[in-house]
Amino acid sequence: MAPKTGLTPLDSLRVSRHSIPAHGLIPNTSIQNKPLLHYHGAFPAANLTASSVESHLISVGVVEPQWRFTMYSTTHFHSTTHELLCITRGKAKLCFGGEDNPERVEKEVERGDVLVLPAGVGHRLLEDVAGGFEMVGAYPKDYHWDMCYGKKGEEAKVQSISKLPWFEKDPIYGEKGPVLEV
């Protein structure tokens, strides 16, 4: 069972779910039909650090933290893995689905929020609202991320998304959690 210390209890957690249709050569949520998930304030902001998030993710054992950084300002997606983004510092406005997509999702996220991005969902930073925006990026064990930009020549990579398994446990909450309810 995953440690729950310091997390917002599941019965109090607010979760937003967004299905984003394919646009151009960006598949978004259309291949696996799994939504983009936003766990609002999963980690209470008081005393939150990148190290504490990384330790928590390692203890749950579903994903491996791989970097600490902001988000690229160019729309990109991953074809080889789903992605978990834990906001550890600041506040930012992000775009999901491609900035030219009329059905894109623009969200403001802040310290303590968690995003689960299914493989294929285009994403980019629109604005670092508070300055110093930082996330911990993590990926399912034994999966390695690539970079795709919705350009010609990436079609074979996009087709491989359908073969990726979905999470068997929630990367934040373990045996129960929003990722298992989609």
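Keep in mind that this is a model prediction, so the values were computed, not measured. Along the sequence shown, the residues carry numbers beginning at 1. Both backbone and side-chain heavy atoms feed into the values below; hydrogens, waters and symmetry mates do not.
Side chains of E99 and T75: a donor-acceptor N/O pair is present below 3.5 angstrom, by distance only. Checked by atom type, the side-chain pair T49/S52 shows a donor-acceptor distance below 3.5 Å.
Of the inter-residue distances, the one linking L7 atom CG with I172 atom CD1 reads 7.0 Å to the nearest 0.5 angstrom. K93 contributes atom NZ, which lies 10.5 Å from atom CZ of R124 (distance to the nearest 0.5 angstrom). Taken to the nearest 0.5 Å, the CG atom of L25 stands 7.5 Å off from the CD atom of E154. Atoms OH and CG, from Y139 and L85 in turn, are 6.5 Å apart once rounded to the nearest 0.5 Å. Going from atom CG of L84 over to atom CD of Q66 covers 11.0 Å, rounded to the nearest 0.5 Å. In this structure, the separation between OG on S160 and CD1 on I31 is 8.0 Å, given to the nearest 0.5 Å.
Under the 4.5 Å side-chain criterion, counting only non-hydrogen atoms from C-beta, V109 is in contact with L94. Taking 4.5 Å as the limit, every side-chain heavy atom of F96 sits out of range of all side-chain heavy atoms of R104. Within the 4.5 Å cutoff, the side chain of F133 has heavy atoms near those of the T70 side chain. Contact of the Y149 side chain with the T74 side chain is registered, since non-hydrogen atoms from C-beta on lie closer than 4.5 Å. P21 has its side chain out of reach of S30: every pair of non-hydrogen atoms, C-beta onward, lies at least 4.5 Å apart. Here the side chains of V63 and F167 are in contact, with some heavy-atom distance below 4.5 Å. At a threshold of 4.5 Å between non-hydrogen side-chain atoms, the residues L117 and H82 do not count as touching. Side-chain contact between K91 and E108 is present, with heavy atoms from C-beta onward closer than 4.5 Å.
Listed by first and then second residue, the salt bridge (charged side-chain N to carboxylate O under 4.0 Å, His left out) pairs that reach into residues 32-52 come to none, sequence neighbours excluded. Pairs passing the salt bridge (charged side-chain N to carboxylate O under 4.0 Å, His left out) check and including a residue from residues 71-86, sequence neighbours excluded, do not occur. Sorted by first and then second residue, the ring-ring contact (aromatic ring centres under 6.0 Å, His included) pairs involving residues 101-126 (not counting sequence neighbours) are H76-H123, H78-H123. Within the structure, the salt bridge (charged side-chain N to carboxylate O under 4.0 Å, His left out) test picks out the following pairs touching residues 60-74 (sequence neighbours left out): E54-R68.
A donor-acceptor contact shorter than 3.5 Å links the side chain of D170 to the backbone of V179. Under the 3.5 Å distance criterion, the side-chain polar atoms of N101 are left unmatched by any main-chain donor or acceptor of G98. The closest donor-acceptor contact from the side chain of T80 to the backbone of D146 lies under 3.5 Å. Between the side chain of Q159 and the backbone N or O of A156, no donor-acceptor pair lies under 3.5 Å. Here the side chain of S12 pairs no donor or acceptor atom with the backbone of T8 at under 3.5 angstrom. Side-chain atoms of N28 come within 3.5 Å of backbone atoms of G97 as a donor-acceptor pair (strictly under, hydrogens ignored).
Nearest heavy atom pair, residue F77 against residue P27, reads CZ-CD, 3.7 Å. Among all heavy-atom pairs drawn from P171 and V60, the shortest one is O-CG1, 3.6 Å. Pairing each heavy atom of C86 with each of V53, the nearest pair is CB-CG1, 3.6 Å.
For H38, the ring-ring contact (aromatic ring centres under 6.0 Å, His included) partners two or more places apart in sequence, or in a different chain, are H40. Partners of E134 by salt bridge (charged side-chain N to carboxylate O under 4.0 Å, His left out), not counting sequence neighbours, listed by chain and number: R89.
Atom NZ of K107 has more than 12 heavy atoms from other residues, nucleotides or ligands within 6.0 Å.
Between H56 and F43, the ring-plane angle classifies as perpendicular under the 30° and 60° cut-offs.
Taking the charged nitrogens against the carboxylate oxygens, E155 and K157 have no contact shorter than 4.0 Å, which rules out a salt bridge. With salt bridges taken as basic N to acidic carboxylate O contacts below 4.0 Å, none links K176 and E181.
Both Y72 and I20 belong to a common hydrophobic cluster when Ile, Leu, Val, Met, Phe, Trp and Tyr are linked at side-chain heavy-atom distances under 4.5 angstrom.
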